[in-house]
Amino acid sequence: MRDRLFMRFRLAQVTNGRQIKDALASTMGDFPDSRRRPYSAIAGHAALDLINTVSWRLSDDRRIDHLRDYDDVLAWAVQFGFVDETARQTLITLADADPARADREFRKVRDLREQLYRAALPADDGPDAQAAAVVAAQYTEAIAAARLEPPSGWQFDVDLALPRRRLALAAVDVLTGTHPEAVRQCADEECGWVFIDGSPRHNRRWCVAADCGNRNRVRRHTERVRAAAAATAAATGAGQCDPRT
C-alpha cells in the first residue's frame with residue numbers, strides 16, 4: 001500500500017508554551033488523555049519539534065519524555081503531517097498485530113531524536129560527528145526503502161517504519177538546510193527546548209517568551225529585591241549601637 005510523502009514542516013501557533021508543558025506533565029499518569037494533547041510546535045522545523053517532545057530536558061528531577069510508545073509516535077507524526085489519518089489507522093492495525101516490532105520502531109524513533117539533538121546542537125569542540133553519522137545512517141536506510149516518483153518525490157509503503165523514515169528525511173533537512181548558529185537552546189537552566197532563531201537581531205533566548213522568558217524575568221526580579229532587602233538589613237544592623245556598651 002502506497003502513501004504519498006507529505007512533509008509539512010509547519011509551525012503551529014503556540015501562545016503559551018508553559019500551558020503545553022504543564023498540560024502534558026499533568027497527564028503523565030493517563031496515557032490516552034495525554035495523547036489527545038497537542039505537542040509543542042515552537043521550534044520552526046518539525047525535526048526540532050521532535051526534540052522538544054522532552055520537557056525540562058536539562059533537569060534530572062523534572063525531565064518528562066512525552067514519547068513513551070508507538071501510539072505517541074503516531075500522534076506526533078499525525079500532528080506534524082508526516083502521517084495522515086488513513087495511514088495512521090493502518091499503522092495502528094499493524095502495531096496491534098506485531099507489538100514487538102512496533103516497540104522496536106518506537107525505540108528507534110527516540111534514538112533518532114536523541115542523536116539529532118546532539119548533532120543539531122554542536123558542543124564547544126564542534127559538531128558531534130558520531131551523532132550525525134547515526135542520523136545519516138537512518139537517512140540512508142529510509143532512501144533505500146523509498147521510491148522516487150516525480151513530481152511527488154519520495155514514496156514509502158505504509159509499514160511500521162514509515163514515521164521513522166520520514167523523520168530521518170526531516171532530520172537531514174534541518175541539519176543541512178539550517179545554519180548551525182541559528183539553532184538555539186532555550187536559555188532557561190532546565191528547559192532544554194530548541195528552536196531556529198529567526199529574530200531580526202538573532203538574539204532570541206527563550207523557547208517561548210511568555211513561558212521561560214517571563215519566569216526567568218520574575219525570578220531575577222525577586223532575587224534583586226531580596227538582595228536589596230538583605231543589604232539594607234545588613235547596613236541597618238551595622239549602624240545600630242549595642243545599648244550594653
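What you are looking at is a predicted structure, and each value in this text was computed from that prediction instead of being measured.
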Between [X] and [Y], what is the shortest heavy-atom contact and its length?
{"X": "Tyr70", "Y": "Ala102", "result": "CD1-O, 3.5 Å"}
{"X": "Cys212", "Y": "Cys207", "result": "SG-SG, 3.7 Å"}
{"X": "Ala146", "Y": "Trp154", "result": "CB-CE3, 3.6 Å"}
{"X": "Ala47", "Y": "Val174", "result": "CB-CG1, 3.9 Å"}
{"X": "Val194", "Y": "Ala43", "result": "O-CB, 3.4 Å"}
{"X": "Val83", "Y": "Arg88", "result": "CG1-N, 3.6 Å"}

* Flag this pair as yes if the NZ/CZ of Arg166 is under 6.0 angstrom from the six-membered ring centre of Phe156 and inside a 45 degree cone about the axis; otherwise no. =>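 The answer is no; the distance or angle limit is not met.
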
inquiry  = I want to check a possible cation-pi pair here: Arg57 against Tyr117, using under 6.0 Å from ring centre and within 45° of the ring axis as the test.
reply    =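 Yes; both conditions hold, so Arg57 lies above the ring face of Tyr117.
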
Just how far is it from atom [atom1] of [X] to atom [atom2] of [Y], taken to the nearest 0.5 Å?
{"X": "Leu67", "Y": "Thr53", "atom1": "CG", "atom2": "OG1", "result": "3.5 Å"}
{"X": "Ser59", "Y": "Ile64", "atom1": "OG", "atom2": "CD1", "result": "9.5 Å"}
{"X": "Leu112", "Y": "Lys108", "atom1": "CG", "atom2": "NZ", "result": "11.5 Å"}
{"X": "Cys186", "Y": "Asn52", "atom1": "SG", "atom2": "CG", "result": "9.5 Å"}
{"X": "Asp157", "Y": "Thr90", "atom1": "CG", "atom2": "OG1", "result": "11.5 Å"}
{"X": "Asp111", "Y": "Arg113", "atom1": "CG", "atom2": "CZ", "result": "9.5 Å"}

Q. Run the salt bridge (charged side-chain N to carboxylate O under 4.0 Å, His left out) check on Arg165 and Asp159 step by step: do they pass?
A. CA-CA 10 Å; Arg165 287 169 179 159; Asp159 60 23; 3.0 Å; yes

So, Trp76 versus Phe82, ring centres under 6.0 angstrom or not?
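Centroid separation for Trp76 and Phe82: below 6.0 Å.
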
**Message:** For a quick check under 3.5 Å, do His66 and Ser55 share a side-chain donor-acceptor pair by atom type?
**Reply:**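 Side-chain D/A pair, His66 to Ser55: present.
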
Just by distance, with hydrogens left out, do Ser199 and Asp197 show a side-chain donor and acceptor under 3.5 Å apart?
->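 A donor-acceptor contact under 3.5 Å links the two side chains.
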
Using a strict 4.0 Å threshold on nitrogen-to-oxygen distance, state whether Arg205 and Asp188 make a salt bridge.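 Asp188 and Arg205: not salt-bridged.
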
Flag the pair Asp69 and Arg110 as a salt bridge only when some basic side-chain nitrogen lies within less than 4.0 angstrom of an acidic carboxylate oxygen.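 So Asp69 does not pair with Arg110 through a salt bridge.
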
| query | Would Asp103 and Arg107 satisfy salt bridge (charged side-chain N to carboxylate O under 4.0 Å, His left out), going step by step from the backbone distance to the final call? | reply | CA-CA 6 Å; Asp103 185 65; Arg107 295 180 187 281; 2.9 Å; yes

- Query: Taking the side chain as C-beta and beyond, is there a heavy-atom pair between Gln185 and Leu58 under 4.5 Å?
  - Reply: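 Counting from C-beta outward, Gln185 and Leu58 do come under 4.5 Å.
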
Heavy-atom check, side chain of Val208 versus side chain of Ser40, under 4.5 Å:
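No, their side chains stay 4.5 Å or more apart.
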
Apply side-chain contact (heavy atoms from CB on, under 4.5 Å) to Asp49 and Phe80, showing your working.
CA-CA 9 Å; Asp49 284 313; Phe80 287 90; 3.5 Å; yes

Would you say [X] and [Y] are hydrophobically clustered, going by side-chain heavy atoms of ILVMFWY under 4.5 Å?
{"X": "Val134", "Y": "Leu48", "value": "no"}
{"X": "Leu169", "Y": "Val73", "value": "yes"}
{"X": "Leu116", "Y": "Val54", "value": "no"}

Taking side-chain hydrogen bond (donor to acceptor under 3.5 Å, both in side chains) as the cut-off, I'd like each qualifying pair that reaches into residues 135-144, sequence neighbours left out, listed once.
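As it turns out, the side-chain hydrogen bond (donor to acceptor under 3.5 Å, both in side chains) pairs with a partner in residues 135-144, which skip direct neighbours, are Gln138-Arg164, Glu141-Arg164.
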
Exercise. CD of Gln130: more than 12 outside heavy atoms within 6.0 angstrom?
Worked result: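 No, CD of Gln130 has 12 or fewer neighbouring heavy atoms, counting only those of other groups under 6.0 Å.
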
Check: Can you check salt bridge (charged side-chain N to carboxylate O under 4.0 Å, His left out) on Asp98 and Arg104, steps first, answer last?
Finding: CA-CA 10 Å; Asp98 194 346; Arg104 288 195 297 271; 5.0 Å; no

